[in-house]
Amino acid sequence: MSAAQNRRSGQTPREPRRDPMSFSPPPRTRFAPSPTGYLHIGGVRTALFSWLHARRHGGVFVLRIEDTDRERSTEASVNVILEGMRWLDLGWDEGPYFQTRRFDRYREILERLLEEGKAYRCYCSRERLETLRAGQMARKEKPRYDGLCRDRRDPPPEGAAHVVRFRNPADGVVMVDDLIRGRVAFQNRELDDLIIARADGTPTYNFTVVVDDHDMGITHVIRGDDHLNNTPRQINILRALEAQPPVYAHVPMILGPDGKRLSKRHGAVSVLQYRDEGYLPEALLNYLVRLGWSHGDQEVFSREEMIRLFDIREVNKAASIFNPDKLLWLNQHYLKTLEPAVVARHLAWHLQRLDLDPAAGPPLEEVVLAQRERAKTLQEMARNSAFLFREPEGYDEKAADKHLGEAQRPILTALRAALAELDPWTPEAVHATVGGVAEAAGLKLGKVAQPLRVALTGGTVSPPIDVTVYLLGRDRTLARIARALGAGPGAGRSGVTH
RNA sequence: GCUCCCAUCGUCUAGCGGUCCAGGACGUUGCCCUCUCACGGCAAAAACCGGGGUUCGAGUCCCCGUGGGAGCGCCA
């Protein structure tokens with residue numbers, strides 16, 4: 001009984017069942033992006049599902065670059081794909097294979113199909129095809145090739161260019177047993193004879209994908225469900241090759257916030273942009289695995305848990321909309337729960353992107369501990385921590401007006417004196433000192449902490465004042481208080497000239 | 001237009017015929033905590049697309065409708 005049938009009869013086993021009578025070999029899955037744009041979230045999730053399926057069952061994950069469209073494929077796109085996969089740590093076991101390096105093989109198969117009459121040369125001009133299509137559209141018919149060259153007896157037109165078309169069966173039904181969709185039937189009469197080689201002799205997608213998946217021993221084709229309609233054609237080609245079709249699993253699409261297909265215009269940004277904006281690979285992967293798949297009410301999955309728990313058969317059928325807020329929440333979750341040392345390494349990278357020297361401030365792990373509860377991304381954490389690595393540019397205007405006025409002068413002076421003598425320099429000691437100054441002045445802690453915060457950071461937001469002071473260090477703290485005393489509105493009148 | 005796919009809170013989802021006046025999470029709102037911002041805690045509002053069946057009983061099965069998505073390239 002196939003998994004699809006199992007699913008239908010409501011008997012999908014929770015745990016993969018090892019059938020003692022048939023030892024299924026470890027699966028081989030692949031991720032096969034085309035380097036014609038960037039690698040976006042949808043592609044990454046497909047890659048993740050393929051990767052998880054392979055890892056889960058001790059199989060092999062293959063990376064293949066589908067670059068047969070030489071017009072649009074670029075090396076830059078290839079690099080973005082590889083870099084993205086590495087950043088996410090979705091390691092591949094084989095490849096990357098490039099289809100452009102396999103042209104000899106495609107040609108070989110092409111010849112064979114031609115010889116066996118399973119494919120034929122088509123001399124129809126693009127113009128004829130266009131008018132044919134236009135006519136069909138006008139008649140509200142499904143545009144398709146009419147098969148003019150299919151049974152052509154007469155000799156081909158002199159010197160005319162030709163493409164090669166696959167001779168699709170005229171009737172019958174093709175069944176696709178999909179791990180996610182169940183059994184889907186397609187009538188052969190709905191399919192036309194697709195082009196498998198262009199006029200310049202280069203092979204096209206539906207042909208190369210079949211040859212490659214077969215040659216590479218792919219057992220499970222996990223891909224976006226925009227390919228479901230291509231599947232019957234591919235199965236027909238496979239049959240012509242007398243090859244066994246792989247198991248298919250068509251995963252639902254990820255839609256943009258407007259419910260439309262993710263595209264350049266709708267938040268389909270490069271995965272590397274998520275890295276640059278300060279997301280952790282752990283967060284992105286966790287977010288993506290929960291899009292279309294779940295394990296009870298569990299929201300957080302470590303990489304190991306994903307591998308252990310993921311089951312391609314449990315993937316939903318409905319498309320889902322990308323939700324940036326939840327990604328943000330997960331990102332902060334990981335900022336808060338990952339080893340500070342791990343987060344610190346990422347933080348260093350982001351500090352550098354802001355032109356800050358990670359070595360010019362307190363230990364990064366301490367910065368992480370102090371900041372992770374008030375930052376949703378690493379980029380935000382880096383920005384919020386800039387004051388620890390270089391002098392603030394100036395003071396936030398409203399903050400200075402409110403907290404660095406004449407009234408705060410005695411407080412800052414007292415803080416400077418007390419902190420100058422402080423020993424040891426610990427958050428606890430700082431806390432006691434600031435509290436002491438407040439008490440002596442008969443003020444609430446906030447009345448003392450806020451002026452100090454503005455003096456030290458230039459703004460009104462930072463970690464708790466004791467931690468902020470502690471991290472900044474004595475020298476910088478004293479210097480910035482002095483600077484604030486000199487820069488305050490009262491500076492001109494009372495003067496710091498003496 | 002034709003073919004295929006899909007349909008539970010705004011969003012991601014749990015639910016695999018009775019335990020559902022539908023559960024969790026993000027987001028939203030209110031309260032608490034509080035030196036700022038946050039974090040955290042508590043609480044609340046919020047959904048089974050519609051109509052027919054099947055059944056003692058339907059969110060769960062079937063059909064139709066509606067809505068959404070995909071494909072229909074010498075793109076992948």
Side-chain angles (χ1 to χ4, degrees), chain A residues 7 10-12 32-37 66-69 71-73 99 122 124 126 129 133 136-144 161-165 176 178 181 184-187 190-192 194-200 202 204-206 208-209 224-232 250 252-253 255 257 259-261 287 290-300 316-330 332 336 371-376 384 399 403 431 434-435 438 444-454 457 459-466 468:
Chain A
R7 192 187 173 81
Q11 306 211 345
T12 307
S34 72
T36 51
E66 311 225 320
D67 54 352
T68 53
D69 183 353
E71 299 281 301
R72 297 193 298 162
S73 296
Q99 294 191 316
C122 171
C124 295
R126 289 173 193 260
L129 262 23
R133 220 186 326 263
Q136 288 164 329
M137 297 278 254
R139 270 174 275 130
K140 300 195 187 300
E141 288 169 16
K142 187 176 186 169
R144 52 210 297 275
H162 70 271
V163 299
V164 178
R165 285 184 187 271
V176 179
D178 193 281
R181 311 275 146 176
V184 184
F186 292 88
Q187 298 294 327
E190 293 293 338
L191 275 24
D192 63 354
L194 73 158
I195 292 172
I196 57 178
R198 305 180 177 92
D200 65 3
T202 58
T204 60
Y205 169 74
N206 278 299
T208 57
V209 74
D225 74 6
D226 46 340
H227 287 285
L228 183 58
N229 285 300
N230 289 327
T231 309
H250 287 94
M253 307 260 82
L255 275 21
K260 293 264 188 282
R261 192 191 209 287
Y287 176 72
R290 280 285 289 102
L291 225 46
W293 176 77
S294 62
H295 182 74
D297 287 337
Q298 190 171 342
E299 295 289 352
V300 176
N316 277 168
K317 294 190 263 202
S320 41
I321 293 174
F322 183 79
N323 182 314
D325 282 333
K326 189 156 183 183
L327 207 210
L328 234 24
W329 170 74
L330 270 169
Q332 183 170 36
K336 288 188 296 186
Q371 296 283 38
R372 62 187 186 180
E373 281 171 359
R374 67 206 82 243
K376 289 187 183 303
N384 292 348
H403 299 292
H431 187 80
V434 177
K444 296 218 299 185
L445 185 57
K447 293 291 181 190
V448 175
Q450 257 337 58
L452 181 55
R453 174 171 282 117
V454 177
T457 70
T460 55
V461 175
S462 85
I465 197 64
D466 45 2
T468 299

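Within every chain, numbering begins at 1; the chains are lettered A, B, ... in the order of the sequence lines, protein sequences first and strands thereafter.
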Inset, instruction - Please lay out, stage by stage, how A:Phe186 and A:Thr231 fare under the test side chain to side chain contact (heavy atoms under 4.5 Å, CB included). - result: CA-CA 9 Å; A:Phe186 292 88; A:Thr231 309; 5.6 Å; no
Inset, instruction - Ignoring backbone atoms, test whether A:Thr68 places a side-chain nitrogen or oxygen under 4.0 Å from the OP1 or OP2 oxygen of B:A76. - result: yes
Inset, instruction - Indicate, with a heavy-atom threshold strictly under 4.0 Å, whether A:Thr208 touches base, sugar-phosphate, or nothing. - result: nothing
Inset, instruction - Check the side chains of A:Arg133 and A:Gln136 for a donor-acceptor pair under 3.5 angstrom, ignoring hydrogens and angles. - result: no
Legend entry - Nearest-angstrom distance, P atom, B:G51 to B:A58: 14 Å
Inset, instruction - Please check the phosphate of B:U13 (OP1 and OP2 only) for any side-chain N or O of A:Lys326 closer than 4.0 Å. - result: no
Legend entry - Opposite nucleotide pairing with B:G10, Watson-Crick or G-U, both atom distances under 3.5 Å: B:C26
Inset, instruction - Rounded to the nearest angstrom, tell me the gap between atom CZ in A:Phe322 and atom C1' in B:C12. - result: 12 Å
Inset, instruction - Could you state the atom-to-atom distance from CG of A:Asp226 to P of B:G73 in whole Å? - result: 15 Å
Inset, instruction - Classify the nucleic acid contact of A:Arg372 as base, sugar-phosphate or nothing, counting any heavy atom under 4.0 Å across all strands shown. - result: nothing
Legend entry - A:Thr68 side chain reached by A:Thr204 side chain, heavy atoms, under 4.5 Å: no
Inset, instruction - Could you measure between the two C1' atoms, the one in B:G23 and the one in B:A47, and give it in whole Å? - result: 12 Å
Inset, instruction - Using the P atoms only, state how far B:C39 lies from B:C26, rounded to an integer number of Å. - result: 11 Å
Inset, instruction - Respond yes when some side-chain nitrogen or oxygen of A:Lys317 is under 4.0 Å from OP1 or OP2 of B:C5, and no when none is. - result: no
Legend entry - Candidate nucleotides B:U3, B:G23, B:C35, ranked by approach to the side chain of A:Asn229 - the nearest: B:U3
Inset, instruction - Scan A:Asp466 against the nucleic acid and name what it touches under 4.0 Å (heavy atoms): base, sugar-phosphate only, or nothing. - result: base
Legend entry - Pairing partner (Watson-Crick or G-U wobble, both distances under 3.5 angstrom) of B:C48: none
Inset, instruction - Just call it for A:Glu299: base, sugar-phosphate, or nothing, with non-hydrogen atoms closer than 4.0 Å on any strand. - result: base
Inset, instruction - Could you please name the option among B:C2, B:G24, B:C26 that lies closest to any side-chain atom of A:Arg290? - result: B:G24
Inset, instruction - May I ask you to evaluate whether A:Arg133 reaches the phosphate of B:G73, defined as a side-chain N or O under 4.0 Å from OP1 or OP2? - result: yes
Legend entry - Between B:G69 (C1') and A:His227 (NE2): distance, integer Å: 15 Å
Inset, instruction - Mark yes or no for a side-chain to base donor-acceptor pair under 3.5 Å between A:Asn230 and B:G71, with no hydrogen or angle criteria applied. - result: no
Legend entry - Side chain of A:Pro143 - closest among B:G1, B:G10, B:C37: B:G1
Inset, instruction - Look through every strand shown and name the nucleotide pairing with B:C72 as Watson-Crick or G-U wobble, where both distances are under 3.5 Å. - result: B:G1
Inset, instruction - Could you check if a side-chain atom of A:Asp225 sits within less than 4.5 angstrom of a side-chain atom of A:Arg181, using non-hydrogen atoms only? - result: yes
Inset, instruction - Could you tell me whether the side chain of A:Gln136 has a donor or acceptor atom within less than 3.5 Å of a complementary atom in the base of B:G1? - result: no
Inset, instruction - Assign A:Gly435 to base, sugar-phosphate, or nothing according to its heavy-atom contacts below 4.0 angstrom with the strands shown. - result: nothing
Inset, instruction - State whether A:Thr204 places a side-chain N or O below 4.0 Å from either non-bridging phosphate oxygen (OP1 or OP2) of B:A76. - result: no
Legend entry - Heavy-atom neighbours of A:His162 NE2 exceed 12 at 6.0 Å: yes
Legend entry - Polar side chain donor-acceptor pair, A:Thr468 to A:Ser462, under 3.5 angstrom: yes
Legend entry - Whole-angstrom distance between B:G18 and B:C61, as gauged at atom C1': 15 Å
Legend entry - Separation of the P atoms in B:G69 and B:U8, to the nearest angstrom: 15 Å
Inset, instruction - Name the nucleic acid region contacted by A:Leu291, choosing base, sugar-phosphate or nothing; use a 4.0 angstrom heavy-atom cut-off, strictly under. - result: sugar-phosphate
Legend entry - Candidate nucleotides B:C37, B:U13, B:C35, ranked by approach to the side chain of A:Ser294 - the nearest: B:U13
Inset, instruction - Would you indicate, yes or no, if B:C37 has its OP1 or OP2 atom less than 4.0 angstrom from a side-chain nitrogen or oxygen of A:Ser462? - result: no
Inset, instruction - Would you kindly give the CZ-to-P distance between A:Arg453 and B:C37, to the nearest whole Å? - result: 9 Å
Legend entry - Worked check of side chain to side chain contact (heavy atoms under 4.5 Å, CB included) between A:Thr460 and A:Val454: CA-CA 6 Å; A:Thr460 55; A:Val454 177; 4.2 Å; yes
Legend entry - A:Ala199 side chain, from C-beta outward: closest of B:C72, B:G69, B:C74: B:C74
Inset, instruction - Would you kindly give the CZ-to-P distance between A:Arg72 and B:C74, to the nearest whole Å? - result: 13 Å
Legend entry - Separation of the C1' atoms in B:C62 and B:U55, to the nearest angstrom: 12 Å
Inset, instruction - Would you indicate what A:Pro463 reaches in the nucleic acid, counting non-hydrogen atoms under 4.0 angstrom: base, sugar-phosphate, or nothing? - result: base
Inset, instruction - If B:U60 has a Watson-Crick or G-U wobble mate with both distances under 3.5 Å, name it; if not, just say none. - result: none
Inset, instruction - Counting heavy atoms from C-beta on, name the nucleotide in B:C2, B:A70, B:C74 closest to the side chain of A:Glu190. - result: B:C2
Inset, instruction - Report the distance from atom OH of A:Tyr287 to atom CG of A:Leu328, rounding to the nearest 0.5 Å. - result: 11.0 Å
Inset, instruction - Measure the acute angle between the ring planes of A:Tyr205 and A:His227, then classify it against the limits of 30° and 60° as parallel, tilted or perpendicular. - result: tilted
Legend entry - Residue whose nearest RNA chain B nucleotide is more 5′ - A:Asn323 or A:Asp69: A:Asn323
Legend entry - Pairwise C1' distance, B:U29 and B:C9 [rounded to whole Å]: 15 Å
Legend entry - Same-atom distance (C1') from B:U28 to B:C21, integer angstrom: 24 Å
Inset, instruction - Would you kindly give the CH2-to-P distance between A:Trp329 and B:C26, to the nearest whole Å? - result: 5 Å
Legend entry - A:Lys142 vs B:C4: side-chain N/O to OP1/OP2 distance below 4.0 Å: no
Inset, instruction - Would you indicate what A:Lys444 reaches in the nucleic acid, counting non-hydrogen atoms under 4.0 angstrom: base, sugar-phosphate, or nothing? - result: nothing
Legend entry - A:Ile321, nearest nucleotide to its side chain (from B:A76, B:G40, B:U11): B:U11
Inset, instruction - Check every atom of B:C6, B:G27, B:A70 against the side chain of A:Arg181 and return the nucleotide holding the closest atom. - result: B:C6
Inset, instruction - Specify the separation, in whole Å, of atom CG of A:Asn316 and atom P of B:C16. - result: 14 Å
Inset, instruction - Take A:His403 and A:Arg453, measure what side chain to side chain contact (heavy atoms under 4.5 Å, CB included) needs, and give me the verdict at the end. - result: CA-CA 9 Å; A:His403 299 292; A:Arg453 174 171 282 117; over 6 Å; no
Legend entry - Between P of B:G68 and CG of A:Asp225, the distance in whole Å: 17 Å
Legend entry - Identity of whatever pairs with B:C33 - Watson-Crick or G-U, under 3.5 angstrom: none
Inset, instruction - When you get a sec, tell me which of B:C6, B:C4, B:U13 is the closest nucleotide to the side chain of A:Val184? - result: B:C4
Inset, instruction - Measure from the side-chain heavy atoms of A:Ile195 and tell me the nearest of B:A70, B:C39, B:C74. - result: B:C74
